[in-house]
**Q** 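Quick one: the structure is below, questions incoming.
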Amino acid sequence: MPRSILSLPYSALERELVADGLKPPHARTLWKALYRDPATAFLPPLQRWVAEHLGPGKRFTHEPLVEVLTDLKSSDLQTRKFLLGLEDGQKIETVLMGYPGRFTACVSTQAGCAMGCVFCATGQMGFVRHLRAEEIVAQVLHVQSALRQRSAVPALLRNLVLMGMGEPLHNYDNVIAALQIIADPRGIALAPSRISISTVGVVPGILRLAEEKQPYNLAVSLHGATEEQRAALVPISRRWPLAELIAACRTYGETTGRKIFFEWTLIAGTNDSPAQAAQLAGLLSGLDAHVNLIPLNPTGGFSGMATGTAAAEQFQAVLMESGIPSTIRQLRGIDVAAGCGQLKAAQRSS
Ligand code: SF4
């Protein structure tokens, strides 16, 4: 089976070309054609290499790794959710969110998820498999091509969040390999500071990010400020308890000097009281932290309700009094089930 050329970082592609008698600059041209401008012209040696090695049944393939099954737009037209089919028939979802002058893509890192967070549609479907690095890269290429088709003026993909289906740190090697390609300035060139890896608390992955000094943002989903409260919502916290998770975050902060984003899904009557906000503030004391407060998005398998605006603002006020900055996130794409925790590879007609 030929390898996908999208799985090769720049240096590996360059080695392959040089081993075949080409010059290092040919890698730059091929990389540009793959990631920036499909109309890039090749000089004859590269044309010959492409004809010999790239294509169905050859040494490498650049066949599309994802096939669009559905393309849903939210009623305000600011959010698009793509249901994408993979080569083995698995389905994943990728979301594109528009903001004034910029776009953010939310990509999946696994088909399904093993973490089982009770309010999450992906968690409710269970784990299927890890995505390969090239399947993560292909989602970014897909949204870029959707942006190119949308307008003659090239629209800017500014931010990338790994918050789609799956737990990125459960698929660490493929995620980091994909990001190395996505952030490479010679290709897609998304700045690492505009890429966020989200985790529900996979402690060894957080420590590895710190040890390797990976340059990406880290977002940690907490949802509960006591062991008991968190374990009721996030079953994986029985494996990596809250105290261990916060200790890993402190190590990460000290080693990298980076701010950590903490995600908190606000569920009415469950984790949205002023007392719980005070507990959260205590937990994060001394950390360079920013809390994103996300009113619960509805999913079929969980009966909880979203916190109302007044209670969310009260929660935020308690954090503010303790010096913890926070943002109440706008609800996005709820009518097409593209909000946080709503992704599930069910095919719907557009
Ligand atoms: S919230 Fe994230 S980690 Fe939890 S089940 Fe859903 S996809 Fe997995």
Side-chain angles (χ1 to χ4, degrees), residues 81-84 86 90-95 97 104-131 135-136 139 160-172 174-175 178 195-206 208-209 216-224 229-242 244-245 248-249 260-267 270-271 291-304 306 329 331-334 337-346:
K81 182 174 81 163
F82 303 99
L83 178 67
L84 303 175
L86 305 178
Q90 294 304 327
K91 295 174 191 142
I92 54 167
E93 294 188 329
T94 303
V95 179
M97 293 163 284
T104 294
C106 175
V107 300
S108 295
T109 54
Q110 297 176 317
C113 183
M115 301 293 128
C117 306
V118 298
F119 51 81
C120 172
T122 311
Q124 288 153 16
M125 68 182 269
F127 177 70
V128 182
R129 73 166 171 86
H130 295 307
L131 297 194
E135 291 171 325
I136 300 169
Q139 292 174 72
L160 176 69
V161 294
L162 279 65
M163 294 185 184
M165 296 169 68
E167 160 57 56
L169 298 185
H170 185 209
N171 187 16
Y172 190 98
N174 286 316
V175 162
I195 297 175
S196 299
I197 299 176
S198 168
T199 178
V200 77
V202 175
V203 165
I206 295 172
R208 199 169 153 197
L209 286 173
Y216 312 107
N217 297 312
L218 175 65
V220 177
S221 296
L222 272 185
H223 314 310
Q229 200 184 86
R230 186 169 139 85
L233 297 169
V234 181
I236 199 68
S237 72
R238 295 194 187 94
R239 176 143 178 217
W240 293 294
L242 187 59
E244 215 179 297
L245 172 59
C249 289
I260 303 176
F261 296 85
F262 289 93
E263 310 286 310
W264 188 277
T265 297
L266 283 167
I267 308 170
T270 300
N271 65 353
V291 179
N292 286 318
L293 299 167
I294 308 155
L296 177 75
N297 289 321
T299 61
F302 182 63
S303 59
R329 284 268 188 86
L331 293 178
R332 297 295 307 256
I334 303 309
C340 283
Q342 289 186 306
L343 299 187
K344 182 178 185 173

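Both counts, for ligands and for their atoms, begin at 1 and track the order of listing. This chain uses plain numbering: 1 for the first residue, then up along the sequence. Keep in mind the model is a prediction, meaning the values are calculated, not measured.
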**Q** Mind checking what makes ring-ring contact (aromatic ring centres under 6.0 Å, His included) contact with Phe82, not counting sequence neighbours?
**A** His142

**Q** What are the atoms of ligand 1, with element, lying closer than 4.0 Å to any heavy atom of Gly116?
**A** 5 (S)

**Q** Can an N, O or S atom be found in Cys113 less than 2.8 Å away from atom 6 (Fe) of ligand 1?
**A** no

**Q** Could you tell me whether the side chains of Glu167 and Thr199 share a donor-acceptor contact shorter than 3.5 Å?
**A** yes

**Q** As a check for students: among Gly201, Gly166, Gly126, Gly123, identify the option with a heavy atom nearest to atom 7 (S) of ligand 1.
**A** Gly166

**Q** Evaluate whether atom CZ of Arg129 has more than 12 neighbouring non-hydrogen atoms of other residues, nucleotides or ligands under 6.0 angstrom away.
**A** yes

**Q** Side chains of residues 111-120: which donor-acceptor pairs under 3.5 Å do they make with residues two or more places apart or in other chains?
**A**
none

